Number of protein chains: 2
Amino acid sequence: MTGEDVTDYEMITATHAVLALLSPRWAVPVLYTLAGGTRRYSELLYEVGEISKKTLTQTLRSLEHHGLVDRRVDPDLPARVEYSLTPLGWSLTEPLMALYEWAATQLSGAGSRPRRLAA
Amino acid sequence: MTGEDVTDYEMITATHAVLALLSPRWAVPVLYTLAGGTRRYSELLYEVGEISKKTLTQTLRSLEHHGLVDRRVDPDLPARVEYSLTPLGWSLTEPLMALYEWAATQLSGAGSRPRRLAA
DNA sequence: CTGTATCCAGTAGGATACTG
DNA sequence: CAGTATCCTACTGGATACAG
C-alpha cells in the first residue's frame with residue numbers, strides 16, 4: 001500500500017461515487033428494468049414499481065448524466081421517449097452482478113449458513 | 001444478466017440489500033479503514049474522516065449487526081473497544097473491489113465533491 | 001405522453017452535552 | 001475512552017397540479 005499512486009482516498013471516493021450513483025432507492029430497479037430492453041417513460045413508470053414521476057425522472061436524469069442510460073425523443077405527438085442502457089450502462093451490470101452474487105451467497109448459502117442480509 | 005435462473009425480484013432485492021448496507025455515507029470508509037487492520041473506536045473516529053461519534057456508532061452497529069464487523073470490548077479501564085472485519089466482512093471487499101475497478105476505469109472524473117448550500 | 005413546479009413528511013446525520 | 005441523549009438542519013422522495 002506504500003508507494004502507490006492510487007491513494008486510499010481515491011479508492012474510497014471512487015467507490016463511494018459508484019455507490020452514490022446506485023444507492024438512490026430506484027437506481028438499480030431502473031437499471032435492471034432497462035437491462036430487459038428499451039423502455040418508454042410510461043412503461044418504466046409502471047414496470048419499475050411504486051415510483052413517482054418526479055423520482056423516476058430524477059433517477060433517469062442522473063443515470064443519463066453519468067452516461068449509463070440513453071434517452072431518445074420521438075418528436076411526433078403525443079410525445080414518445082425511449083430509454084435504454086448505453087455500453088457503459090451494460091458494463092456496470094458486471095460488478096453489479098458480483099455484488100448480487102455476494103448477497104445471494106450470504107442470503108441462502110448452502111443451507112447451513114446463517115442469514116446475514118435479511119432486508 | 002439475461003437468461004438467469006433467479007427471479008428479477010430476488011436479483012433486485014438482494015442487490016438493493018447490499019447497496020442499502022453500503023450506501024450510508026460512512027459505511028465504505030469504515031470498512032476500508034478496518035481493511036487496514038483492527039482499529040479502536042477513537043482511531044476510527046480520527047482516521048475515517050469528518051464523522052460524528054453518533055454516526056460512527058450507528059455505522060459500526062449496522063455493520064456489526066450484519067456480521068461484517070467484530071466488536072471486542074476490553075473490560076479494563078479506561079474502556080477500550082476494538083473493531084475488526086469478520087471473514088464475511090473480508091469477503092465483501094472482493095465485490096467492492098470490482099466496483100472500484102469499474103469506477104476507476106469507466107467513471108472518469110468520479111471524484112465526488114461535497115455539495116454546498118444552493119444560496 | 002412526458003415531463004416540470006410546488007408543497008410536505010420522513011429521515012440521515014452533525015453539534016453538543018452528558019454518562020459509565 | 002467509548003459511547004448515549006437531545007436538538008436541529010438538510011436532503012430524499014411522494015403527492016398533486018400544471019404544461020408542452
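The basis for the numbers below is simple: all heavy atoms, side chains too, and nothing from hydrogens, waters or symmetry mates. Just so we're clear, the structure is a prediction, and the values are computed from it rather than from any experiment. Letters go in sequence order (proteins before strands), and every chain restarts at 1.
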Report yes if at least one side-chain N or O of A/Arg40 is closer than 4.0 Å to OP1 or OP2 of C/dC1; otherwise report no. no
Measure from the side-chain N and O atoms of A/Thr15 to the backbone N and O of A/Met11, and report whether any donor-acceptor pair falls under 3.5 Å. yes
For C/dT2, does either OP1 or OP2 sit under 4.0 Å from a side-chain N or O belonging to A/Arg61? no
In whole angstroms, the gap separating P of D/dC1 from CD of B/Glu43 amounts to 10 Å
For B/Lys54 and C/dA15, give me the distance from atom NZ to atom P, rounded to whole Å. 12 Å
B/Tyr32 side chain to A/Tyr9 backbone, donor-acceptor under 3.5 Å: no
Which of these passes side-chain contact (heavy atoms from CB on, under 4.5 Å) with A/Leu85: A/Val69, A/Leu92, A/Leu63? A/Val69
Starting at CD of A/Glu50 and ending at P of D/dT12, how long is that distance when rounded to a whole Å? 22 Å
Comparing A/Arg25 with A/Lys53, nearest DNA chain D nucleotide closer to 5' gives the residue A/Arg25
Quickly work out the A/Leu19 CG to D/dT12 P distance and round it to whole Å. 16 Å
Please report the distance, rounded to the nearest Å, between CG in A/Leu56 and C1' in D/dT12. 15 Å
Whole-Å gap separating P (C/dG20) and CG (B/Asp74): 20 Å
Is any side-chain nitrogen or oxygen of B/Ser52 closer than 4.0 Å to OP1 or OP2 of C/dG14? yes
Quick check: on DNA chain D, is the nucleotide nearest A/Thr59 upstream (toward 5') of the one nearest A/Ala79, or the reverse? Name the residue that is more 5'. A/Thr59
How long is the line joining CZ of B/Arg39 and P of D/dC1, in whole Å? 16 Å
Name the one of A/Arg71, A/Arg39, A/Glu43, A/Arg40 that satisfies side chain to side chain donor-acceptor pair (under 3.5 Å) with A/Tyr83? A/Arg71
Below 4.0 angstrom from OP1 or OP2 of D/dG3, is there any side-chain N or O of B/Arg71? yes
OP1, OP2 of C/dT2 versus side-chain N and O of A/Ser42: anything below 4.0 Å? yes
Looking at side-chain heavy atoms only, is the closest gap between A/Leu44 and A/Leu60 below 4.5 Å? yes
Report the distance from atom CH2 of B/Trp26 to atom P of C/dA12, rounded to the nearest whole Å. 17 Å
Any A/Tyr83 side-chain nitrogen or oxygen under 4.0 Å from OP1 or OP2 of C/dG3: yes
Of the candidate nucleotides D/dT4, C/dT2, C/dG13, which contains the atom at the shortest distance from the side chain of B/Pro24? C/dG13
Listed nucleotide nearest any side-chain atom of B/Thr57, set C/dT4, D/dT4, C/dC1: D/dT4
